[in-house]
Colleague: 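Before I ask anything, let me first share the structure, which is written out below as structure tokens.
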Amino acid sequence: MLILTTYDLDEYVFGALRAGASGFLLKDAPRERLLEAIRVVHGGEALLSPSITRRLIEDYAGRTDPVPPAPDLLAALTPREREMLLLVAQGLSNQEIAARLVVTEATVKSHVGSVFAKLHLRDRVQAVVLAYEHGLVVPGRRPDAL
């Protein structure tokens with residue numbers, strides 16, 4: 001789902017992401033950006049307006065009270081899947097993850113798909129939100145092992 005709106009309000013962005021949106025753009029986005037967003041979301045990836053991304057990062061960076069993960073939230077993940085979650089949350093693409101871990105992109109896609117299925121996530125945006133909400137990733141700090 002791609003949200004296109006005139007409302008640049010955080011509560012709408014967060015609500016849309018929680019409802020499963022994979023993209024959120026403002027109506028004043030250039031035509032090329034809108035077409036790119038449609039292609040990205042259709043391809044199973046996620047895209048946010050740059051101003052929204054900046055505010056989202058600033059909001060999470062300013063938090064000092066991360067929600068501790070539910071004890072069983074990550075228990076279903078294998079060590080490799082946990083590593084994938086951290087790398088996705090850091091914003092790495094499948095290609096970048098594959099290069100870093102010296103595996104194929106197909107292997108990365110398989111592991112990332114398992115993470116999404118086990119954690120009931122729709123896309124990378126929701127994975128990033130989950131990681132930040134639970135303090136697994138903090139801007140400016142290297143993530144600890146899960």
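None of these values were measured; they are calculated from a predicted model.
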Colleague: Minimum heavy-atom separation for L92 to R124, with atom names?
Modeller: O-NH2, 2.7 Å
Colleague: State, with a plain yes or no, whether a side-chain heavy atom of L130 is found less than 4.5 Å away from one of H120.
Modeller: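 Side-chain contact under 4.5 Å: no.
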Colleague: Please name all residues satisfying side-chain contact (heavy atoms from CB on, under 4.5 Å) with R122, sequence neighbours left out, ordered by chain then number.
Modeller: Q126
Colleague: Which heavy atom of A21 sits nearest a heavy atom of I3, and at what distance?
Modeller: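 Here A21 and I3 meet closest at CB-CG1, 3.8 Å.
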Colleague: Do L119 and L77 come close enough that some side-chain heavy atom pair is under 4.5 Å?
Modeller: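 Counting from C-beta outward, L119 and L77 do come under 4.5 Å.
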Colleague: Side-chain donor-acceptor contacts of residues 98-117 below 3.5 Å, not counting sequence neighbours, with atom names and distances?
Modeller:
unit_1	atom_1	unit_2	atom_2	d
T104	OG1	T107	N	3.1
T104	OG1	T107	OG1	2.9
S114	OG	S110	O	3.2

Colleague: Without placing hydrogens or testing angles, list every side-chain donor-acceptor pair under 3.5 Å for residues 24-47, not counting sequence neighbours.
Modeller:
unit_1	atom_1	unit_2	atom_2	d
R33	NH1	E36	OE1	3.4
R33	NH2	L48	O	3.4

